[in-house]
Protein chains: 2
Amino acid sequence: MADGPDISRLAALLGDPARANILTALMAGRALTAGECAAEAGVSAPTTSGHLAQLVASGLVLVSIQGRHRYYRLAGPEVAEAIEAMMGLAARVGLNRTRLGPRDPSLRAARMCYDHLAGAVATELYDALITAGFLAPAPAGLTLTPLGRERLAAEGLPVDTPANSRRPLCRACLDWSERRDHLAGALGAAIAALALERGWCQRTPSSRAVTVTTEGRRQLLALAEPRSAQQLVQPAPQTRHLAHTAGSKQGACNVRRS
Amino acid sequence: MADGPDISRLAALLGDPARANILTALMAGRALTAGECAAEAGVSAPTTSGHLAQLVASGLVLVSIQGRHRYYRLAGPEVAEAIEAMMGLAARVGLNRTRLGPRDPSLRAARMCYDHLAGAVATELYDALITAGFLAPAPAGLTLTPLGRERLAAEGLPVDTPANSRRPLCRACLDWSERRDHLAGALGAAIAALALERGWCQRTPSSRAVTVTTEGRRQLLALAEPRSAQQLVQPAPQTRHLAHTAGSKQGACNVRRS
DNA sequence: CGGGTGTTTCGGTCCCGCCCGAAGTGTTGC
DNA sequence: GCAACACTTCGGGCGGGACCGAAACACCCG
């Protein structure tokens, strides 16, 4: 014994249902106020405050104070990935929080998974990208093929790993509702940002759920087609200045339409 | 709330120090008896028995009964990978079980990480494979290049992902003692099996530590060279029938030299 | 400078679950 | 068949930590 990192202290933090609820809610990628966290956790405000203090002290969660609100968010993709890994194993082992059938069908259709899309639409897109030959389930899990690079670069999507980042460009993420993979990593995050930017889908105010329009779904799946013609005809009435900076994830999300 | 897998029950399982010690010990890839688990956990036999029952009931650990002994082992690579993910995050966040400096230097030099090699030698090999152009830190993390395929196939190592398996061929695994990556996945496991088979290294009886001979280290790093000449001169006095079947991991390990 | 609101701190209660000693069950060996 | 061994089950003790109500603190607004 006495080697390696202390996995038990970290796991104990995730092991309380209230804290796990908070972290699961933060997986949606948005910062939540302490009160919203309390609602998600299902416990009182004082109890939530204690839990949040522990999460901040451990470095899993960051807090930014704005006026009399305190916004809590996950510390980074590494934290989200570890939680995803736990979710994947929990789903595989058969630990489901509730019957996941009729509970919230909109969540199964599409939702945010930290900063990328998950759910039925996301697995459809994933499969389409595979069959189109844009993504290859190569050795380490996923590779963007030259064909895919060309097609997606034309949309302004990032096709290279930033040299300074440990985060992979594309990564397969196990979708527990579908039991199949969807696209994560920097590319997955950029596609989600693109879809939100162009109005293909909209976030539900205080939920992980995402509503995808029928046209949006068509456009999303069109990313897996050789360079669709109708997209040139339709000049996208929305603004077009997306994703110039890689760090625009937060900036794109905090346009509150409450 | 009420969506997704129950991460808290799984995390609570890992959140107890005794159970975490057991799982960390099982990360060495070998099956342990209940008594050995108790010694690793640092608690009494009855307490350990209860913990093991929980781990088996949750599906994280499998048990095989042989006579009056019960051998416990991890349920599979998925469990090991999730634990690795937790270890990586714990190390990143700064939760170290003890000062990891002088405690056990042999562990830092080389050790087993479930079924592949970790430690200083493993990160050396990893870097050498990268600089040799055998592995490329491609989009999803790691790709085996055509150059690497040819070289490693000549050693009898697997260079294709078995179609039926979800496990990636090669994967980067964060080494917490070195804070750098080493090679995991099916290829990493096969290289570890090769090294043990050919006597390049030997496992310490009841520890994760692995002792690497100086010649073994040279041979191991020679895997990252274009096809070494001296290896042809030296006809490997050991037996040579390794790794015909992909499932030979367990078979190669249970030659007990106690 | 006072209400109203969001958040934290404090104090106390209570329950879950970790833990061990003793006894019970199954297996090996003499 | 009896002793030794490996492991589990049972019973009770005990501590940590989750939880909430009340109060204190910080901030915005009028």
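Values reported hereafter were calculated over all heavy atoms of this structure, with side chains retained and with hydrogens, waters and symmetry mates removed. Chain identifiers are assigned alphabetically (A, B, ...) following the order of the sequence lines, protein sequences preceding nucleic acid strands; residue numbering begins at 1 within each chain.
Note: CG (B:Asp16) to P (D:dG15) measures 17 Å, nearest angstrom. Separating the NE2 atom of B:His51 from the C1' atom of C:dC20 is a distance of 11 Å, rounded to the nearest angstrom. Summarising the geometry, the separation between CG on A:Leu14 and P on D:dG17 is reported as 15 Å, rounded to the nearest angstrom. Residue A:Tyr71 contributes atom OH, which lies 11 Å from atom C1' of C:dG6 at whole-angstrom precision. A straight line from CG of A:Asn21 to P of D:dA18 spans 14 Å, rounded to a whole angstrom. If you measure from atom CG of A:Leu52 to atom P of C:dG6, you get 16 Å, rounded to the nearest angstrom. To the nearest angstrom, P of C:dC19 lies 8 Å from CZ of B:Arg19. The interatomic distance linking B:Leu55 (CG) with C:dG17 (P) rounds to 15 Å, in whole Å.
Within the 4.5 Å cutoff, side-chain heavy atoms of B:Met112 are placed close to those of B:Leu117.
The shortest distance between the side-chain N/O atoms of B:Arg68 and the OP1/OP2 oxygens of C:dG29 is not below 4.0 Å. An OP1 or OP2 oxygen of C:dC18 is reached within less than 4.0 angstrom by no side-chain nitrogen or oxygen of B:Thr47. OP1 and OP2 of D:dG17 both lie 4.0 Å or more from every side-chain N or O belonging to A:Gln54. A:His69 has no side-chain polar atom (N or O) that falls below the 4.0 Å cut-off from OP1 or OP2 of D:dC27.
Here the rule is side chain to side chain contact (heavy atoms under 4.5 Å, CB included) with B:Leu74, and of B:Leu23, B:Leu60, B:Asp115, B:Leu62 only B:Leu23 fits it.
Electrostatic pairing of B:Glu36 and B:Arg70 does not count as a salt bridge here, judged by no charged N lying under 4.0 Å from a carboxylate O.
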task: Quick one: do A:Leu14 and A:Arg19 satisfy side-chain contact (heavy atoms from CB on, under 4.5 Å)? Show the steps, please.
output: CA-CA 6 Å; A:Leu14 310 186; A:Arg19 283 191 296 266; over 6 Å; no
- request: Starting from the C-alpha separation in whole Å, work towards a yes-or-no answer on side-chain contact (heavy atoms from CB on, under 4.5 Å) for B:Arg198 and B:Leu194.
  value: CA-CA 6 Å; B:Arg198 296 197 179 168; B:Leu194 182 79; 3.5 Å; yes
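The nearest heavy atom of DNA chain D to A:Val43 and to A:Gln66 marks one nucleotide each, and the one closer to the 5' end goes with A:Val43. Between A:Ala53 and B:Ala45, the one whose closest nucleotide on DNA chain C sits nearer the 5' end is A:Ala53.
Counting non-hydrogen atoms under 4.0 angstrom, A:Thr33 reaches the backbone sugars and phosphates but no base.
Looking at A:Arg70, its side chain has no donor and acceptor atom pair within 3.5 Å of the base of C:dT7.
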